[in-house]
Structures are given as structure tokens and as C-alpha cells.
Amino acid sequence: MRRTLVSAIALALSGVTFAASAQSAAEISRAAHPPMVKATTQLPANARPSHYVVEVTPHADKMAFDGKVRIDLQVLEPTSTLVLQAVNMTFANSALAAAGGKGGKPMVAKVSVDADAQTATFAFDKQLAPGSYTLSTDYTGVINTQANGLFALDYQTDGGKQRALYTQFENSDARRFIPSWDEPNFKATFDLTVNAPTGQMVVSNMPEASSTDAGNGMKKVVFQTSPKMSTYLLFLGMGEFDRATLNGENGTEIGVIAQKGKVDQAKFALEAGRDVLREYNDYFGVNYPLPKLDNIAAPGRSQFFSAMENWGAIFTFEYSLLLDPSISNVSDQQRVFTTAAHEIAHQWFGDLVTMAWWDDLWLNEGFATWMEGRTTRKLHPEWDIDNVDAAYTSRGAMGGDAYATTHPIVQHVATVEQASQAFDGITYGKGSAIIGMLEDYVGSDAWRAGVRSYIKQHAYGNSVTDDLWQQVDKAAPGKQFIQVAHDFTLQPGIPLITANASCVAGKTLVSLVQGEYTIDRPDKTPLRWHVPVSVRSGGNTVHALVAGTSSVELPGCGAPVLLNAGQKGYYRTLYAPAQFKALSDGFNALPVVDQLGVMMDASALAAVGLQPESDMLDLTTKVPLDASPNLWQMVAGTLGGIDDMFEGNPKRQAAFRKYALSRLSPKFQQLGWENRAGDSATTKQLRSSLIGILSGLGDDKVIAEARSRFAASATDPKAMPPELRRTILGIVAHTADPPTWDKLHKMAQDEKSSMIRDQYYGLLAAAKDKALAQRALDMALTDEPGATNSAGMIASVSREHSEMAFDFAVAHLDQVDKLVDSTSRARYYPGLGYSAKDLKMVDKIKAFADAHIAPTSRREAETVMNSIQTRVKLRAQRLPQIDAWLKKNGY
Ligand SMILES: [Zn+2]
């Protein structure tokens, strides 16, 4: 699954700067139990399914479906009940037959459901002896309006309103579609049959086996038997679709499916699928095992994911799959490519080999996130992402991991809601960063050899984290690999390495002390990690495994000392003042990746008072006009992030803005508004970022130009080229007055493309003006935006008006509940308070959690409360220092 809050690398690519990735802190949380790697299950261990034969008849108009299922299973110990998982179902004709007709007539089952436990218990008059059986039942289920189980997405086309159906089962919603052993360790094969309207296309994991006319405008579509897989990977989609295909390597048919008339916009994704599949067949050393791999585009959105790796039938919301040539730019191409690379990596890591239980979810998500970066770097060198990939991946999760509310990568998951909450910044971002560090530690060949034998060994089965470590350890003899891997996956938090250099007998002696970087616990006793540290000075690099204290020696004296060269290490570096000064003086001679790393560390250490703010601010003065766009992106993001802290102090904010504009405006003037021949991808992205950040810093000229281009675009499409379109619309929406808002509203109503229409409704919720924000909130509760846009509108309002959005959602709880995926509500409401700058919000979230969130599901609420408290406290410490620096520099 790919999160809506995208990975650090995707944030960096999209031109959203590092400061913004702190938002992912809202998704970080604490596990209530110590880490464990043992698989747990919520179902009794007395039976195991092996094969499902399912037939469903959806009634899209009635938002309900009928089903029949036959499940081949093994009873493992004597029992008179079989417990399956099921939600919102009714049952009829339930019976159990012994395999091969043994035992006479089928036994009738009495079914009782437990809505809270999400189970259906099939009870029999007599004890079942261990052996093979077939359980059969008829049932009914519901079609949902959000992405849980079988769900509907409605959209407008030139031909009127359309309704398409899709399924979304991860983490625990296959039980809304089939009564089943709906946990990842109960792998089975599936035969799916669907009764559908004749004119619709029906898609599942496997190709069709047959399609026959069933009369009355209906057809019966039977799919080939799936491979052995977890329930959460089953897929069904049906609607008025088109499909385009390519022949992939090894006979695999690569397909994309979209609403009728839109499949041409999926050409880039189709080719990406072919290229990525070829790359992965090679990397994993096991060929993709299904006959086809489809990627299905769907209108609308979810608050929590953008794509899902169903085996052979990836589901992706349109905005991450289709490229409309009139509005798409290089950032959109990157999003489509990285999303496909992520989901296709799951076809091996997740689908072929699956974590035994949600404790090890990071095996799926950390790996797919790491793989998307690796593959994008390799297959699209022209996007020039090597520097940001290394620097941002290693630090993307550190914002959240530095709080008391963090958790180890491997964590205990006990409930469905906890599994849902495990899809967070630690699982994705830190997981990916640790893989990057471990690969760097053992070398890429040894790492890949370990991955290959792990995949081979566990294909079609389940695994735990240590299964992967054992294989990599075997491939990397002589390293303390398992020690390092355990330190970083079984404990939470971030090592801090303090470096101090001295010249001893003509050599540079660097002492290294391992501590812990935390944002909210300055007096915490540091945990102990074995940290692979690289130290570079004067062209020489040495490596050390640092736990506690250590030292290294390099030839010669006097050259600056740099730690974490290449930035693959998951730690922060605190230099002694003299060493930092030497690095700072020689800043422009460092490789770009290390410039990014040094700036990010200085900024993070200044934020908690370990380094003066002036160190970081001095670095922003040093970047020359012709520096890498990556570096300018970082400077712009850093300055944009500081501006926010001056809210409520217009006089000093004006002074800060004067400084920030003195740095950023000359760079923007050099780039100008228009694309130039030969502009690189990163230059185009920087131009767009600078426009957004300059407008945020109150640059009237930039805001006026954005507005005038928007006005002109009604008659001249060139006024708002694809590269700048989203940025310009963002500025126009944020600064909108009532007539402008009405104009955007009219554009939304008139728009026929579902993808563009969804964007416009999102923009309506971005206004700074309070009255307009209220209009957006009111509109979100109507049918107008579409069932899956409304929750996003309320969340958008919350970025500028967190209290207003939070209060509104709580006041309309029953209505808003229907707009959010059911297992995600415990995350959604507290998240609305995240941008608050006032401690009052902490009390409100606390009261809400006490009243509405189960005690076992409060990690998001606790995280948001902690973030607000810490932000308020740190702001009070940081602002005077920043202000003093401004004054000293004449601002
Ligand atoms: Zn994923």
C-alpha cells in the first residue's frame, strides 16, 4: 500500500520541502507493548483454509451484494465450532461436508455473528474430527462508500454519472467481502466468479477463465485460480473500463485499466510497469509468477492510501496513475513512476512472501519504499534524484522518531485498528532508511544475495524479520550485521554521534560518542546502538562501528572532518564548535548530498538547543546563485519553515521576510517564470517551489503574477503551463477572495474530468479567509464534492484553520464518520488538530479521544498532542535566537 502522506523522497521530489515532511510526525506513535516477532492471530488455531470458491453478484444500485462461498479446510484439532472473520453479513444455507463424501450428509451449521470481534461462528451439533472438510454458505454483504471491502466510486463523464466498484482489503477488510480466515498467515488459493452487467469490464488478480451470457443483460465471469496468497491481496474491479496492454518480459502481459476514454493517459504507467518488472525479475532472482499484471486507475481518493498492491491487479487512484497532458508535469510523472515501482516491489515483498503478522508490516512497506527510490534512481537518471534520495530517505522519519510517542520498527500489533495505525512514518520512512543503511553497511551485492535467498526460501509463505536477517547475515560474513539490524529495528529512536577532532602527532584523531537525539526528552538516558559511522577528512574515509565511545585516526591534520559521507547512516551528527566552523567555512566544497545532510542536522540540532540557530542560519547565507537546485530547494524550505514561527509578531516577521527574500528572490529572478530550453527536472521543480514559498513569504509581486496568470488562463492556456499550474492554483486558492472562490467553485462544477474536478474541490478548502474556509466545510457535508473528496476537504481546511476544522468535524461526527475509511477514524480526527499552535487544542483532542477512541487505538491522538506541546515549547526557545541573529545581520 502507498500512503497518502508520501515518503520523504516523494516529498522531496514533489518540491514540497523538508520542513513539510515534519507533518508525518502526526502519524508516528508508540506501541503499548515491547517488540516481539512472534506471529499472533485473533482466530482459534483449530482449522486452516486451503482454497476458496467464491461467487458474488453485486447490486451496485442497491449498494449490496449476494455471495456464495465454498471453503476447503483442514480441521487440526477436535472442535464443534469454526470461527471465521466477517463484517456486515447475513448467512443462509451454511453447511459442512467431509472431504470425498466421507461422513455422509453435510452437517448443518448454526451461525452466530459478533460485530465487535468481526467474527462469524459456525457451530455444529457434533464434534468435528481432525481432517479435510468443505464449508459452504450463502451470504449477503454491503457495498461501502469508502475504500473498505467492496466499495463504489461515482464519477461524472460526458455521458452522465457512472458508478464503478472496486475492492480494498488491506489491512483487515476481506472479511467484508468473504467470510474468511482474514489474516495474512492464512494463505489459500481463490476461484472467483462474478455475475456482472454485460457491458462492464470485470477485473481480478488472474485472467478470465471464461465469460458466458447469463441472460437479462448479465454475464458470468469466471477467473483462473489464484496462486496461494493472503486474503488481503484479493481484488475485484468492475465498471465501464478500457484496458491497454504491452508484452512484458518473460511472457507477462502488462495492463492498465481506466474509465472509458482515459486509458491513453495511462501510457506512461504502462511503460513504467514493463520497465520496472524487467528490473525486478533480475533483482529478486525469481520471475514474476502470474500471467498478467494490471494496474487499475480509479477516480476519487482515500485519506490514507494512494495505491494497493493486490497481486496481479494493482489498484491506484487516478491522480497517481493517469497523466493528463494538459496538466501533468515532471513531478506528476515521478509520482506515477514511484507509485508503480512501490506497488510492483510488493508483488515480491508482500505478495509472494508475506509477513506472518502485522508486527512485521515494515518488511512489506519499508522494503517497497526503499525499492521505489532505488529503482527510480536507476531507471530515471535524468530526474537527478540521487542526492535527495540519500539525504531525505535517511532523515525522513527522524522528525517523528525523536518523540516519546515513537515505536520500534518491529512492534506488537493486537487489534485491527492498531494494524491500520502501523501504516505510519516509522514503518515506511524509517524502515526504508534502515534498509538503505544496512545495504550500505554490508554492500549492495551481499544485500541482494541475502534478499534473493530470502525470497526463494519463503515464496508463497510467510516470514518474520529475522528470516531476512539470517539470509543477509549469511551473505555478509565477518560483519556484526544481526547486531546492527536488531539495534535499529527492535528499539525506537535516533542515535546522536558527537564528533570532536584533534591533531595528534601529525594525524587527525576523531573521538566519537554515541548518544541519542530526542526532541521532547532532553534528559533521557540514551539507548545503545551499534552505529556504522563513516568519517572523511582530506580525501580519506574510515569506517567504525560506534556503540558508546570510539575513536578513529586519519592521515594528516587541518582538513575539515565530515561524518556520514553519502548520508546513508540513520543518525544525527553533532560536531564540536571548531569542527562545525571548519565544515561551514568549506561548505561549498562539500558534495551536494553532504551539504543537504549537514544542513538538515544543523537545523534539527538547533531546534532542540544542541547547536546555535546561528550555525544553521549562517549556512543559508553561503549558498551561491549557481549552487545545485537541490540545495536551493533546501534553503527555500528551511526559510519557509521558519517564517511560520513568527506568526503573531508582524514586525519581526517582516524583518525575517526581508532576509529570506534577499536570499530567494535573486535565485527566482535568475530562473524566471518561463521554462527555458534545457531546464533540468530539478530546475523546473525548484522554480515551482520558489514561487510557492515566495508567495508564502508575502512576496506581493509573485502573488499578483500568479493571480494574473490564473485570470489569463481562461483564454490562454499558456499562462498556466503544466509545470506551474498546481502552484499557481494553490496560491490563487489560498489567497482567494469571495469572487475568486466562486470562480474556482464554478470551474469545479463544470469540470468533466474526474481527476481535475477532484483537484478543484481540494483547492476550495485551501482558503486563508475564514468565511471561505467555513463555506468549504459546509460544502464537504453535501453530496456535491463526491463521497471520497469530503474528508480531504476538511483536512485541507485544518492546515490553516485547525481549530475550526476540528470543532466542525466533532460537531458533525455522525456525518463525518461516513466520509472516512472505517478503520482510519482514530487517526483522522486527531490529525485535524495537528497544525494547531495553541495548547487549547491538546485539551480538545484529549477530550475527544477519551470519548470516542478505544484506549488501544490512541497512538495518533497521543502523538498529535505531544507534537503540539513540543512545538509550542521549542518555538519559545528558538525564536529569540533567530531574532538575535537577524538583528546582528542588520534585519
Ligand atoms: Zn506499500
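As the structure lists them, so they are numbered: ligands from 1, and atoms in each ligand from 1. Side-chain atoms are counted along with the backbone in the values below, which use heavy atoms only and exclude waters and symmetry mates.
Residue Phe151 holds its CZ atom at 9.0 Å from CD of Gln146, rounded to the nearest 0.5 Å.
Judged by the 6.0 Å and 45° rule, Arg176 forms no cation-pi pair with Phe169.
Side-chain N or O atoms of Arg858 include one that pairs as donor or acceptor with a backbone N or O of Ile853 at under 3.5 Å.
Each protein N, O or S atom less than 2.8 Å from the Zn ion (ligand 1) was counted, giving 5.
Relative ring orientation between Phe423 and Trp358 is described as tilted, the plane-to-plane angle lying within the 30° to 60° band. A perpendicular orientation is assigned to the rings of Phe315 and Phe317, their planes being inclined by more than 60° (bins at 30° and 60°).
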Please table the atom pairs, donor to acceptor, closer than 3.5 Å between any side-chain atom in residues 272-280 and protein atoms at least two apart or in another chain.
unit_1: Glu279; atom_1: OE1; unit_2: Lys378; atom_2: NZ; d: 3.1
unit_1: Glu279; atom_1: OE2; unit_2: Arg374; atom_2: NH1; d: 3.0
unit_1: Glu279; atom_1: OE2; unit_2: Lys378; atom_2: NZ; d: 3.1
unit_1: Tyr280; atom_1: OH; unit_2: Ala341; atom_2: O; d: 2.8
unit_1: Tyr280; atom_1: OH; unit_2: Thr375; atom_2: OG1; d: 3.1

